[in-house]
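Written out below as structure tokens is the structure these notes cover.
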2 protein chains.
Amino acid sequence: MPNGIKVPMPTLERLANYLTIFSDLKIRNVETVSSADLESRAGINAAQFRKDLSYFGEFGRPGIGYNVNELQARISRILNLQKTQSVLLVGAGNLGAALAGYHPLRTENFQIVAAFDNNPNKIGKQLWDLTIQDIDEIISVNKVLQARIGIIAVPASAAQETAERLVSANVVNILNFAPTFIRIPSNVTVRHIDFLQELAVLSYYLPEDD
Amino acid sequence: MPNGIKVPMPTLERLANYLTIFSDLKIRNVETVSSADLESRAGINAAQFRKDLSYFGEFGRPGIGYNVNELQARISRILNLQKTQSVLLVGAGNLGAALAGYHPLRTENFQIVAAFDNNPNKIGKQLWDLTIQDIDEIISVNKVLQARIGIIAVPASAAQETAERLVSANVVNILNFAPTFIRIPSNVTVRHIDFLQELAVLSYYLPEDD
DNA sequence: TAGATTGTTAATCGATTAACAATC
DNA sequence: TAGATTGTTAATCGATTAACAATC
């Protein structure tokens, strides 16, 4: 990063998106694109794309455009996706199972390396290629695994406690699927995926034809 | 809505959040709250809360605060959550199964009323209390069900086609779980939930101690 | 009445969009 | 060289935060 300054969160969120577009382009054997190409092909804003990249240096050549391979490689690196990131999963219910079996994760270099639950009926059972472990073991298990990302896939009522356990196991980044707000220390980053919130927003836009 | 004007998207997204906070308060038998209470209890910004509400009218009493019941009822209504909303699910894989079995949906008045897939091995099988139906039947099925919200839980490669089928079946609001951009007519609203994007953002914030 | 708290207007902040000089 | 397109600066837009008069 040439300048050590603040990258806007919307920019960061878009970077991951750009990556999927680049994968598509590679499949179609597109080697070079201009920001205008990207706008017409993928519905992104050309000016915004260039502005987003500008936080991280120079990526293209005036008059020519961008090399797709280079773009992909450099943005992957910015997002720390160049090597596999280990992820802990807490909650081996339906959602946890879906996440653990979600193939695109591997494609993007994320690997769920352990699954935990507090239900004695589940502990010891298999979840795909993982053995579900006792949440009480999370600290010692992660001393070995050294994962820094954790996923909360437990009911809302258990989310806060789960967050605290993850933090005590040295996880610093949490993806929370429970429909509730969790309090965490300021050095920990949380992203919240809330189906209900998304559906509620959609519901607002419903035509009132009844 | 007193004024027929533009509600900012961030405001809309927060409304759903506020609802879950109100549920909590009701459980704790809190009848009245001030915006300052909400700030200290739930980490929301008091000024922002009042501003958010202001788009929809007056909700509280100066010097007193807000009645939790009224707040909940009115915001539910604003989001069209006062009566059950029917939802179509396309994709009966792991993720689709998790969504169909996700209990909090019912609590918030969403009901998945039909599940579709294009895999002959799945069509006819049960997904919880639903029978998986052939995606080719979606138009005729939804002529009866009249759902206006659809969920895309298929692989990225099938997402665009699925979106088009949903639109042709008269769905106007789509929640897309596939990690890809989908093109839709301008009268249709799409919300995109992208695990990979969320993980990528978290990955960016990883400490570089290696 | 005095204290508390709303709803709203104004000030600040930050992100998006537009424009263009630099450059391939 | 002329045409295309970048990276960046400046202008615009919109959201957040602060402040306060109205009011319970």
Send over the distance from [X] [atom1] to [N] [atom2], rounded to a whole Å.
X       : N      : atom1 : atom2 : result
A:Gln48 : C:dA19 : CD    : P     : 16 Å
B:Arg50 : D:dA15 : CZ    : C1'   : 16 Å
B:Leu53 : C:dT9  : CG    : C1'   : 17 Å
A:Tyr55 : D:dG7  : OH    : P     : 14 Å
B:Asp52 : C:dT8  : CG    : C1'   : 14 Å
A:Phe59 : D:dT8  : CZ    : P     : 11 Å
A:Phe49 : C:dT17 : CZ    : P     : 15 Å
A:Lys6  : C:dG14 : NZ    : P     : 9 Å

Checking contacts here: which listed nucleotide ([options]) is nearest the side-chain heavy atoms of [X]?
X       : options                : value
A:Glu58 : D:dC24, C:dG7, D:dG7   : D:dG7
A:Arg14 : C:dT16, D:dG7, C:dG7   : C:dT16
A:Ala47 : D:dC24, D:dA18, C:dA18 : C:dA18
A:Pro62 : C:dA22, C:dA15, D:dT16 : C:dA22
B:Ser34 : C:dT5, D:dT17, D:dA10  : C:dT5

Once you apply a heavy-atom cut-off of 4.0 Å, does B:Ser35 come out as touching a base, just sugar-phosphate, or nothing?
sugar-phosphate

Mark yes when over 12 heavy atoms from residues, nucleotides or ligands other than B:Glu31 sit less than 6.0 Å from its CD; otherwise mark no.
no

Taking 4.0 Å as the cut-off, does a side-chain nitrogen or oxygen of B:Tyr66 come that near to OP1 or OP2 on C:dG7?
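Indeed, a polar side-chain atom of B:Tyr66 lies that close.
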
Output yes when at least one side-chain N/O atom of A:Asn45 is less than 4.0 Å from OP1 or OP2 of C:dT17, else no.
yes

B:Gln82-B:Asn109 side chain donor-acceptor pair, cut-off 3.5 Å:
no

Would the B:Phe177 and A:Phe195 ring centres measure less than 6.0 Å apart?
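Yes, close enough.
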
Across all strands, who's sitting opposite D:dT6 as a Watson-Crick or G-U wobble pair, both distances under 3.5 Å?
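Matched D:dT6 with C:dA21 under the 3.5 Å cut-off.
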
Step by step, would you call B:Tyr205 with A:Asn80 a side chain to side chain donor-acceptor pair (under 3.5 Å)?
CA-CA 9 Å; B:Tyr205 287 109; A:Asn80 290 315; over 6 Å; no

Over all atoms of both residues, closest heavy-atom pair of B:Lys143 and B:Gln146:
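Result for this residue pair: O-NE2, 3.1 Å.
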
Nearest-nucleotide 5' precedence on DNA chain C, A:Met9 against B:Ala36
B:Ala36

Of B:Lys51 and B:Gly65, whose closest DNA chain C nucleotide lies nearer the 5' terminus?
B:Gly65

